[in-house]
Amino acid sequence: MSRMISHYRLEEELGQGGMGSVYKAFDETLDRWVVLKILAPELMAEEFSRKRFLREARLASALDHANICTIYETAEADNQFFIAMQFIEGRTLKRVINGRPMSADSLLAIALQVADALASAHAKGIVHRDVKSGNIMITPRGQAKVLDFGLAKLMTEKGRATEMEHPADELTRLGAPMGTPSYMSPEQARGERVDHRSDIYSFGVVLYEMATGRLPFRASSSVDMMHAVMHDTPRAVKEVNHQSPEELAAIIEQAMAKEPGERYQSMQQMLEDLQTFGVALRLGSGGVPDGATVPFIAPRRATSRKTLGGFFNRLFARKDDSPLYHAQTARRDEAQALSVQPSKKALAVLPFRNLSGEAQADFYGLSLADSLITALGNIRSLALTPSGAVERFQNQAINPASVRAELGVDLILMGNFLKAGERVRVTAQLVDARSGGILWSEKIDSETSDALAIHDRISREILAGLSQEHVAVDPMLLLRDENEEMRLDAVRTLEFSHDPRALSALVEAMRDTSLKVKAEAVAAVVKLGEEATGPVIQLLNDAIDEEDYLTARYAAKAMGLIGDRSISQVLVELLQCEDDFVACEAALALGRLKGTMAVAHLTRMLEDQNGNKRFAAAEALGQICDTGSREALQRRLSDDDDGVRAKARWALNRLRKADRA
Amino acid sequence: MSSEQLFLGLDVGRTIRCALVRGDGQILCQQRVVAEVSDPQIFIDQLIETSNKMRSKGEVAAVGVGWAGLVDYETHRLEAMPNLVDASSFNLRSEMQSALGLPVIFDNDANAAAYAEWLCGAARGYKDVFYVTMGTGIGAGIIMGGKLQRGCRGFAGEFGHFKIDLDGLECACGSAGCLETIASGPNIVRRVREQLFSDPAFSISKLAADMESTLQCERVVEAAKEEDELALSVLRETGRVLGMALASVINLLNIEIVVLGGGVMAASELLLNSIREEARKRTMSPSFDCCRIVAASLELEAGMIGAAMLARDALQNGCA
């Protein structure tokens, strides 16, 4: 007789590993086949690990995407934790590749689906951490399904070592570690904290494998493999497979950059480049993919910021003899015209912002800008904006786009200074007015005793900096200054920067030890809107895992204020968070979003022993104004907590008003 | 009337306070019970039982009740009780009179406390007094020319429902933007909790940890005395709002003395400083210069003493 767990009848063991056992099972309640993963008891023995896993799995189960294997349930029965997930017929991508390069059409059809799935998960703050060809199923109709979202955190170092010896069948062999060495990002190999850009790297490896039939690095042990991932450069895709299109190789190369800041900053950006490549491929071949797989073009998202012209411009900057050159000449010319370097660049030097809080030090800001304008005026390739036109920017928060619109400049030299006693610290940044990207940044410390000498020295150093090749500055560096005021200012600068790395940097700033910097970073991230939702949820999850609850609270606050409706289900899950403040923030956010689906959860929360949670639930229910909560709110009128009583009365008043309306 | 004659004074809010009071305002004994606010009949029984217990300790001539709500001075009926159980369908005076066999008068609780402070507390000797009580709700008693002013039916002095914010929160009275929605005890706690959620930095304050189970205004006041930043910021803001509202009263009535009492005033110095500062900024100088703003001296006994003294006066005037 078949063994039963809960309402699942176990039919066939598919595999075993460090993480537990995998079965094909039948769900007798819903009459469907599922895959049941029964987790090894030792993995769930520790309460903290169990909570962490269950939270991650619950969040992952909120993912609803055609290319993501659905998690139906995470539960416990007969002292066993198990995960029930969609049963998918088909083969792993690893088997489909089978050591041979795929055609560009087939590769693209699968890549677009996987990229869209990953972009969708990242938008909800879920990082896979173990993207590999063995975790992608291809159905007989050519549909790709990404497996095991949310499970990588459960896996152990112990399991990692076994990966190298058994690469054949990742679906049925559980126990893969947090990332599989061949697909690991360098930061993952170093054991550092990872974000969604680690998945981008791993997906780059999968594309490499699809394009060449082999993995980018070979090694005889996992230690050697991780060393190679961190330090070696893989053979170029074109070198391994001459047939591979240049454009695809460029995408893979960017995804697999060693530094996260040099990769695509979001899966959405990478998806857009893949889509553009797809269009080019069809234009070039005059046809559609060969039918080996179902052609699938993931829908473009409304947030798309890149243009076809921009993409080709970047690609053709690498190689002008591309076969697509002629087909896209007009578009390319247009794009290049936009980025053509004029003979003179228009530069505005803005008054330096005074961070000292002493009004009498304001003159430094103006006089420094003035002397720089004079000094830079000698450079023939620069057209300087007169000082009279920039005075009004003194001590203002600067939005490069507004400055560009107002002054018509290409470059902005801006900065701030902090005067403390006899010392002055000046930070200067050269910003691309069009993109908001920081092209150059410098910090100069000096004594205040000789103002003229300071001006000369600062002018010299800034001039030297300007004359160097403009290599984009990593925004993270600006956030590592030991001075709190400087870090605060860096956050304010990044808020208006259109540097693609600004979002990751600002989210990271929410970990700052200074509460002021944390709060400023929250304000900046909230202004970025829904684009920030995914990275903020990632931060929230990581912070809870690391028991850094203060950061988690700021992240939860930011998440609630962004007000992204698409994450309502995630917020409902967070109502059960082990940190009460995070649960409260989730409740408040659901209130702001008028999340009627959460009324039952919030009504239960009204009975919680924790006063903060009762209060947050009453606030949320008052905002949602659902009559189903009336009785529970009325009971709170005799709450022992003064604040809960006041809030319940307020919520009931709102309900009464709604009744009258 | 002999000063040995005794009166019962009841101060009725979420807590029922009852005292046996001599004719000169001296309390002989007192007790308090937590009011049952979910059922009006139980509540009335509580009042009668408490009064009976206290009257057994001496010969009582009359009973005065200070009630946290609107009281019709002509009919002694209770018209509105925003913060209490709704007992408006009961003729409470007649029920108590027949149960106790004694004359009973009802007045607003703030009127009673104002009367006590004027007779034997911080406002003794003044003629134009504005007394404010701040607890679950906010009320006021007005004494002008040495006489308690109740308005045409007794509803004057609803200082808690002074409108201070055009777009303010809905109030228990049915209106919105009332002073009470900011400065009453429960609303102070509400704002503390809201501050806690508006800035996660506060989640590391000691007060935030205290808030995990229940929080009452008294704890906020204590925390402010312990220099807790969250409590201090909320109480300072409360003081500013109260000062702004009082400035209008001082400008309107040219008051000699403002006396501030009730549970919230346990934070007296902290609140007083910001109340005075804000009132000074917002009052015409001559009016402010001739007005003192002080803390009440009878503390939580004022309501009971005042109710007893109002009963004494009513008996004396043949109105009880």
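Every chain is numbered from 1 and lettered A, B, ... according to where its sequence line falls, protein lines coming before strand lines.
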* **Min side-chain heavy-atom separation B:Arg190-A:Phe615 under 4.5 Å** => yes
* Taking NZ, NE, NH1 and NH2 as the nitrogens, is one of them in A:Asp641 or B:Arg193 under 4.0 Å from a carboxylate oxygen of the other? -> yes
* Asked: Do the side chain of A:Asp642 and the main chain of B:Asn187 share a donor and acceptor less than 3.5 angstrom apart?
  -> no
* Donor-acceptor under 3.5 Å (B:Glu212 side chain, A:Asn612 main chain) -> no
* chain A contacts, top residue of B:Cys171, B:Cys217, B:Ala201, B:Ser203 (heavy-atom pairs, under 4.5 Å) -> B:Ser203
* Please flag which part of A:Arg614 lies under 4.5 Å from any non-hydrogen atom of chain B: side chain, backbone, both or neither. => side chain
* Give a yes or no on whether a salt bridge exists between B:Glu170 and A:Arg649, defined as a side-chain N under 4.0 angstrom from a carboxylate O. => no
* With distance as the sole test, does A:Asn610 use its side chain to make a donor-acceptor pair with the main-chain N or O of B:Ser213 at under 3.5 Å? -> no
* Interchain contact, A:Lys518 with chain B, by part (heavy-atom threshold 4.5 Å) -> neither
* salt bridge (charged side-chain N to carboxylate O under 4.0 Å, His left out) partners for B:Arg77, two or more places apart -> none
* Asked: Which of residues 581-600 of chain A have a heavy atom under 4.5 Å from any heavy atom of chain B?
  -> A:Phe581, A:Cys584, A:Glu585, A:Leu588
* To do: Go through the steps for A:Arg645 and B:Val189 under the test side-chain contact (heavy atoms from CB on, under 4.5 Å), then give the verdict.
  => CA-CA 10 Å; A:Arg645 277 203 315 278; B:Val189 179; over 6 Å; no
* Which region of A:Glu619, side chain (C-beta onward) or backbone (N, CA, C, O), has a non-hydrogen atom less than 4.5 Å from a non-hydrogen atom of chain B, or is it both or neither? -> side chain
